[in-house]
Structures are given as C-alpha cells and as structure tokens.
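Below you'll find the structure, written out as structure tokens, and then a few comments.
Because the structure is predicted, anything quoted here is derived from the model rather than measured. Whatever order the structure lists ligands and atoms in, that order sets their numbers, starting from 1. Quick note: numbers below take in every heavy atom, side chains included, and nothing from hydrogens, waters or symmetry partners.
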Amino acid sequence: MTSDPVTLDDLPIRDEFRGRSPYGAPQLDVPVRLNTNENSYPLPEVVVEAIAKAVTAELRELNRYPDRDATALRTDLAGYLGGGLTPAGVWAANGSNEIQQQLLQVFAGPGRVALGFTPAYSMHPLLALGTGTRWVDGRRGPDFGLTTTDAAAQVAEHQPDLVFLCSPNNPTGTALDPAVVDAVLATAPGIVVVDEAYAEFARPGTRSALELLPAHPRLVVTRTMSKAFGFAGGRLGYLAAHPAVVDAVQLVRLPYHLSALTQAAARAALAHRDTLLGTVAVIKQQRDRIVSRLRELGLPVADSDANFVLFGVGGDQRAVWRGLLERGVLVRDVGLAGWLRVTAGTPQETDAFLTAMAELNTGNGVTT
Ligand code: PMP
C-alpha cells in the first residue's frame, strides 16, 4: 500500500517552485498595522449601503453567468479615467495582479523575457515565474532612481518582450519621470506596462503615463481600486491601453472571470468616487507629515507620491522593525538592507508610528 504524499516536497510541482514560499506580508495582531499599503479608512456608511443594494439586486440572477465582458463596469472606469478613453481601451479583473498575470500570459510566457527595475513591486517577478516567463532584474541608481539612459540601455541589452515600470514605485514611493517611460517605449521591442496602483496619491504636478497612450499602442497602464478607493477586499484592478491590447488579453482571460457581485460592487463604489476618494487628501497629509518628521530625525527618506514612505534607519532594519513591533506598530521590511516601508494611515496611526520612531532614534541612526 502506498502512503499519500503529505508535504509540498512530495508533490510533482514544477522545479522552479521548489523551496519557495507564497507571497504575503506577515499579518500580526498588533494595534497599528502599517505594512500592506491599504487604505486605513473603512468605507463610509452611505457607500456601504449603495454597494449592499447593488449586490442584492444581482442575487436573484446568480443562476446566470455574469457579463463576461464587464461592459458596464468598463464604461464606468473609462469615464473615471477620462482623457477620451473608451470602454474598448479598458479591461478589468480581480485586482491589478490578475491584470498583470493576464498581460504576461499573452505577451510573455515560456521562451520570452520580462524586465523590471529592482527594487520594485515584488509580485512582478513572481507573476513572471508563475507564467513561465524568464525574469531579468534590472538595476536602479544608488538613490533608487532610474534615468532615461540607464533604463533604455538595459532594455536595449535584454530585448524584453514585456517591461514593468512602476510609478509611483513600490517600495520607494517615488513617481517616475514620464521621460523614462518615453525612453523605454522608444527602445523596447515589446509591451511596456506602467503599474500605477498608487497614482491617485501622487504629488501635484506628477504626470500619469495615461497621457502617453494615444501615441503608443504597446503601452499598458494598470490601475487598481485597492488603494485610493479603499476597495482592496472588493478585488478590482484594471488597465487602460489600445483596444487591440484588450483584444489580446481576452485570449487568456478565464470565461466569466469577474463575478456579477464584484462588477456590481465596483460600479456602486465608482458611483460614489467623490466620497471614497475623500480619504486621499487626508492620507497624503499624513504621508507628508511622516516624510518631514523622519527627515527632522535625521533619517534618509525617499520622496513619496504614494500612500507609504520608504525610510532609512542607519543600521539593521530588522532590529528597528522589531523595536517598532514591540511598541505596537507593524511596518514592512521589504528586504532592503537599512530601509523600512511604512504605510500612511490615519493621524492616530501616524502619531503612534512617529512616537515609536522618536523613541528608537538616537540621532545617530535608529537603535532598539
Ligand atoms: N501594483 C503595486 C505596485 C502594488 O503595490 C499592489 C498591491 N500591493 C498591486 C499592484 C496589486 O494590487 P491589487 O491586485 O490589489 O489591485
């Protein structure tokens, strides 16, 4: 009699997955959780009620498959983005992660190459792995910057089928100069994806890659309702691109990938966008407060256009991470030696974080 396989190692998984752990930030039960760049504000009651009503209206018809093209939702998203975008140039899925997976499935995959500039969003290489795409880890400058010449040279060297740019970049928080996107588009032989998950938090004057779309059929801009809209649990991400890109993505999307409940909830949330996006200004204030206070404490801090801040601790970031945790504050160790990332949340959460940082700060780096 054979015994059942009991661990992952006993199963015939693909070799490249052996020894790997799934993506995920450690979620610990602490009073102040500032580690996953969520929007700290729960949905206001008026939006909760609107979503409940919209979802309820769908329930009787759950015996039917949803609109597999999500046409009404895509029309609403195109209206939100503006700039002359039409539903044909917008596509929606369960989070921008699924959008990016679909892009890799159709434009990359086995025998093809994707390039990103590290440090950037750590799911990009993992999605490449999952789709059998060869990943190339591009470089950034010592200050995490990316210049037009450096970006273009790396694209020219690796000839990627798909390039990931991230603006504002996670984990650094800084938005990309559109000239870099232009330079990459001019050099790249394939698709260029600009991940703009945090676009709504950008500082005044920051330009979105959306404005480059009319001139570039190989450019794709991905966005999400997870951050500014506070809709992370609703799972709704989307892309804007030439309609031909949307046709391409439809070749790999699962039939009826976006449930009727998700579509209805997202449409109701979008209809209340003025209320939901009301938190953006408050969060940006906290973000700017974190940046200036940490600089006053003498720490290096990356400019942030997002709802989080990357800051240097002048020493071992793991010790500072633990020191903050002992004070009830959970931040993210993104694996960059000497740096930590903190999400900007409510004023009270910011107070707790800054108080803990002041306690840990010796004026000569941060110690515990
Ligand atoms: N892009 C970036 C840069 C992110 O930081 C995140 C979330 N952490 C995502 C995409 C994924 O967002 P979602 O799948 O929730 O839309």
TODO: Can you pull out the closest protein heavy atom to atom 1 (N) of ligand 1? Residue, atom name and distance to 0.1 Å, please.
DONE: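 Its nearest protein heavy-atom neighbour is Asp195 OD2, 2.7 Å.
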
TODO: Can you pull out the closest protein heavy atom to atom 14 (O) of ligand 1? Residue, atom name and distance to 0.1 Å, please.
DONE: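 Checked against all protein heavy atoms, atom 14 (O) of ligand 1 sits closest to Arg235 NH2, 2.9 Å.
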
Ligand-residue contact atoms, ligand 1 with [X], heavy atoms, under 4.0 Å:
| X | answer |
| --- | --- |
| Ser226 | 13 (P), 15 (O), 16 (O) |
| Ser96 | 9 (C), 10 (C), 11 (C), 12 (O), 13 (P), 14 (O), 16 (O) |
| Lys227 | 7 (C), 8 (N) |

TODO: Give a yes or no on this: more than 12 heavy atoms of other residues, nucleotides or ligands lie within 6.0 Å of atom CZ of Arg14.
DONE: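 Atom CZ in Arg14 is packed in, count exceeds 12.
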
Open item on the list: How long is the straight-line distance from OG1 of Thr275 back to CG of Leu277, given to the nearest 0.5 Å?
Closed with: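 Those atoms lie 9.0 Å apart.
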
Task: Side-chain heavy-atom pair Thr174, Asn169 within 4.5 angstrom cut-off - done: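 No, their side chains stay 4.5 Å or more apart.
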
Task: Lys/Arg-Asp/Glu bridge criterion (N-O < 4.0 Å) met for Arg207, Glu211 - done: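 So Arg207 pairs with Glu211 through a salt bridge.
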
TODO: Answer yes when Glu61 and Arg64 have at least one side-chain N-carboxylate O distance shorter than 4.0 Å, and no when they do not.
DONE: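 Looking at Glu61 and Arg64, the cut-off is not met.
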
Task: Structural part of Asn170 in contact with ligand 1, heavy atom criterion under 4.0 angstrom - done: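 The part of Asn170 near ligand 1 is the side chain, not the backbone.
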
Open item on the list: I need the contact type for Cys166 against ligand 1. Using non-hydrogen atoms and a strict under-4.0 Å cut-off, is it side chain, backbone, both or neither?
Closed with: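 For Cys166, the contact with ligand 1 is made by the side chain alone.
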
Open item on the list: Pairs of nitrogen or oxygen atoms closer than 3.5 Å, one from Tyr198 and one from ligand 1: do any exist?
Closed with: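 It does: an N or O of Tyr198 is found under 3.5 Å from an N or O of ligand 1.
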
- [ ] Kindly confirm or rule out an N or O of Gln100 lying under 3.5 angstrom from an N or O of ligand 1.
- [x]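 N/O-N/O distance under 3.5 Å: no.
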
Task: N/O donor-acceptor pair under 3.5 Å between Arg218 side chain and Ala188 backbone - done: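 Here the side-chain-to-backbone pair exists.
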
Open item on the list: Using only atom types and a distance under 3.5 Å, with no angle test, would you say the side chain of Lys227 pairs donor to acceptor with the backbone of Ala306?
Closed with: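 No, because the side chain of Lys227 does not come within donor-acceptor range (under 3.5 Å) of the backbone of Ala306.
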
